[in-house]
Amino acid sequence: MTHQKNSPISRRTLLRSGGAVVASGVVLAACGGSTGNPVTRIGEQPESEPLSDAKVDDVVLLRTAQSVEKMVADILSDSRITSVLSGEKATLVAAFAVAHQRHVSNIAPLVTSRGGEPVNEANAKLMTAYGNTVLDLIGESKEQEDALTAVLGLETLVAATYQYSLSLTVEPALRADMMRLGAQSSRHAAVLAQLKNPGTKGFAPGTDEEGNPTVATLPTAFGALNSVQIAIGPPNEVGLRTNVLMDTPSLNSLLYVS
Amino acid sequence: MEQIQSQSPDTPAASRRQLIASLIAGGAIVAASPVFARGASAATSDIPKNDERDNPTLNAALERESRMVATYALAVAATTNQDDKAALLLIHDNHVAYVDALRGYLATEAQAPSSQPLASPSGSFSSVASLLSGLEDETATIHTNSIAGLVGINAASLIASIITVEARQSAALALVSGVSPQAAARV
């Protein structure tokens with residue numbers, strides 16, 4: 001009888017040592033960020049100042065809401081929008097602009113009572129991301145329908161901003177205040193959608209005679225938080241307009257407290 | 001010739017239990033590694049996701065939505081124009097979705113809601129739409145006020161997503177009932 005011994009590395013040993021290697025690797029990777037750049041440098045290396053941790057608190061959310069309201073108030077009051085609107089639609093959009101400016105003022109005491117500094121400037125990041133583009137495109141097309149499409153998109157966006165901010169707000173009473181302001185923009189959006197596609201036929205999503213989607217007053221059962229997409233501006237050679245994606249404020253467009 | 005597989009006596013055998021334990025330990029380290037990582041941004045992690053103290057408020061919301069469903073069922077039956085009927089049916093279905101969502105959230109804590117209508121819509125479509133617009137507004141206000149008392153962020157987010165659409169429904173119904181756009185938008 002011969003005892004033939006297996007390989008010294010059994011399946012069990014392999015699994016065990018493999019698991020240990022993976023775990024050690026993770027620990028080393030997590031701790032390894034503090035070492036400097038291993039690449040040798042010649043000459044002076046400027047000292048880099050690490051970024052401070054940004055905290056998303058209720059004051060940051062309120063200040064950001066103010067900047068979004070101010071942005072929409074400014075866009076709705078811009079001459080590129082007001083010059084293409086007429087009659088009842090011009091009156092309505094002007095009233096919406098006043099309402100948004102009023103919301104900026106309404107939020108101010110909520111910010112100051114929490115030790116923050118109120119904002120009365122449009123959100124610069126969002127203006128760069130899509131606000132200026134929207135105004136430029138309407139300036140080029142000079143069409144009333146484009147202006148209404150943009151205002152509808154912006155009102156939907158403001159409502160979504162409050163709905164999203166609520167999910168980050170710590171103080172429950174403040175969540176209710178935010179939703180009161182958000183509901184106002186929801187009402188604006190419904191009225192604008194009805195101006196573009198009036199009557200009960202315009203409530204549900206549908207298509208026109210040519211198969212193009214129509215504007216729906218009630219596009220979803222629950223408030224959506226996805227990007228608002230609008231097609232505006234002069235049509236190109238194949239008849240298509242420019243698509244603009246508008247998002248609610250995110251971590252890179254919040255107004256942090258320094 | 002007989003072959004016997006045996007383990008070397010100088011290497012202690014790891015039992016299956018030890019093996020599983022080491023894998024769990026490895027998993028725990030992997031899960032905990034973000035804690036050791038630098039630069040983690042502070043956010044709103046302190047907010048509770050769910051809280052059972054919210055159940056009575058959510059059951060009240062479920063009751064209200066259930067009664068809205070019953071009211072819209074009457075309104076649909078009282079409406080003859082096909083476009084108007086389809087529009088009311090759409091909003092009816094939205095309220096059914098809210099009932100389902102609240103019931104799903106509450107799960108075993110959901111109480112059987114009343115299906116008593118909040119009103120008896122009748123007459124012209126204009127008067128029906130006006131009545132329903134008022135009820136939508138009232139419901140959105142009830143939900144908004146209730147958010148101030150909700151502890152869990154998931155419950156608050158669900159109610160918020162309902163308020164956003166109910167405000168739209170209220171304004172749209174007001175407009176088709178014949179009020180001015182300014183009045184419907186409340187500006």
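Atom set for the values below is all heavy atoms of this structure, side chains included, hydrogens, waters and symmetry mates excluded. Order of the sequence lines fixes the chain letters, A, B, ..., with proteins taken first and strands second; residue numbering starts at 1 for each chain.
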Atom CZ of residue position A:Arg114 - does it have more than 12 heavy atoms of other residues, nucleotides or ligands inside 6.0 Å? yes
Under a 4.5 Å heavy-atom cut-off, does chain A meet the side chain of B:Ala129, its backbone, both or neither? neither
List the atom of A:Ala183, the atom of B:Ala167, and the distance in Å for their closest heavy-atom pair. O-CB, 3.7 Å
Closest non-hydrogen atom pair between A:Pro172 and B:Leu150, with its separation: CB-O, 3.7 Å
Residue part contacting chain A, namely of B:Ala172, when any heavy atom lies under 4.5 Å: both
Residue pair B:Leu88, A:Phe203: steps toward the side-chain contact (heavy atoms from CB on, under 4.5 Å) verdict: CA-CA 9 Å; B:Leu88 295 184; A:Phe203 276 28; 5.9 Å; no
Non-hydrogen atoms of B:Pro181 and A:Val191 that approach each other most closely: CB-CG1, 3.8 Å
Rounded to the nearest 0.5 Å, the CD atom of B:Gln182 sits from the CZ atom of A:Phe96 at a distance of 8.0 Å
Nearest 0.5 Å, what's the OG-OH distance between B:Ser157 and A:Tyr164? 10.5 Å
With respect to chain A, which residue among B:Ile163, B:Thr141, B:Thr144 yields the maximal number of heavy-atom pairs within a distance under 4.5 Å? B:Thr144
So for A:Ala216, is it side chain, backbone, both, or neither that comes closer than 4.5 Å to the heavy atoms of chain B? backbone
Which atoms of B:Tyr98 are under 4.5 Å from chain A, going by heavy atoms: the side chain, the backbone, both sets, or neither? both
What heavy-atom pair brings B:Val151 and A:Arg175 nearest, and what distance separates the two atoms? O-NH1, 3.7 Å
Within 6.0 Å of NZ in A:Lys196, more than 12 heavy atoms from elsewhere: yes
Please indicate whether A:Gln229 has more than 12 foreign heavy atoms, meaning atoms of other residues, nucleotides or ligands, lying under 6.0 Å from its CD. yes
Top contributor to chain A interface from B:Ser146, B:Ser170, B:Ser180, B:Ala174 [non-hydrogen pairs under 4.5 Å]: B:Ser170
For B:Arg168, does its backbone N or O pair with a side-chain atom of A:Ser186 as donor and acceptor, under 3.5 Å? no
Can you tell me which portion of B:Asn154 sits under 4.5 Å from chain A's heavy atoms? Options are side chain, backbone, both or neither. neither
Assess whether atom NZ of A:Lys125 is packed by more than 12 heavy atoms of other residues, nucleotides or ligands within 6.0 Å. no
Could you look at B:Ile159 and say if it's the side chain, the backbone, both or neither that has a heavy atom under 4.5 Å from chain A? neither
Largest heavy-atom contact set with chain A, pairs under 4.5 Å, which of B:Ala101, B:Ala140, B:Gly149, B:Ala87: B:Ala87
If every non-hydrogen atom of A:Leu166 is compared with every non-hydrogen atom of B:Ile153, which pair is closest and at what distance? O-CD1, 3.3 Å
Chi angles and distances behind the side chain to side chain donor-acceptor pair (under 3.5 Å) call for A:Thr200, B:Asp84: CA-CA 6 Å; A:Thr200 49; B:Asp84 297 344; 2.7 Å; yes
Take A:Met178 and B:Ile147 through the test side-chain contact (heavy atoms from CB on, under 4.5 Å) and record every step on the way to the result. CA-CA 10 Å; A:Met178 285 183 165; B:Ile147 276 187; over 6 Å; no
Taking every heavy atom of B:Val187 against every heavy atom of A:Leu92, the minimum-distance pair comes out as CG2-CD1, 4.5 Å
Between A:Glu171 and B:Ile47, is the side-chain contact (heavy atoms from CB on, under 4.5 Å) condition met? List the steps. CA-CA 9 Å; A:Glu171 198 182 319; B:Ile47 309 174; over 6 Å; no
Determine, stepwise, if the pair B:Thr164 / A:Met179 fulfils side-chain contact (heavy atoms from CB on, under 4.5 Å). CA-CA 8 Å; B:Thr164 299; A:Met179 283 316 295; 3.6 Å; yes
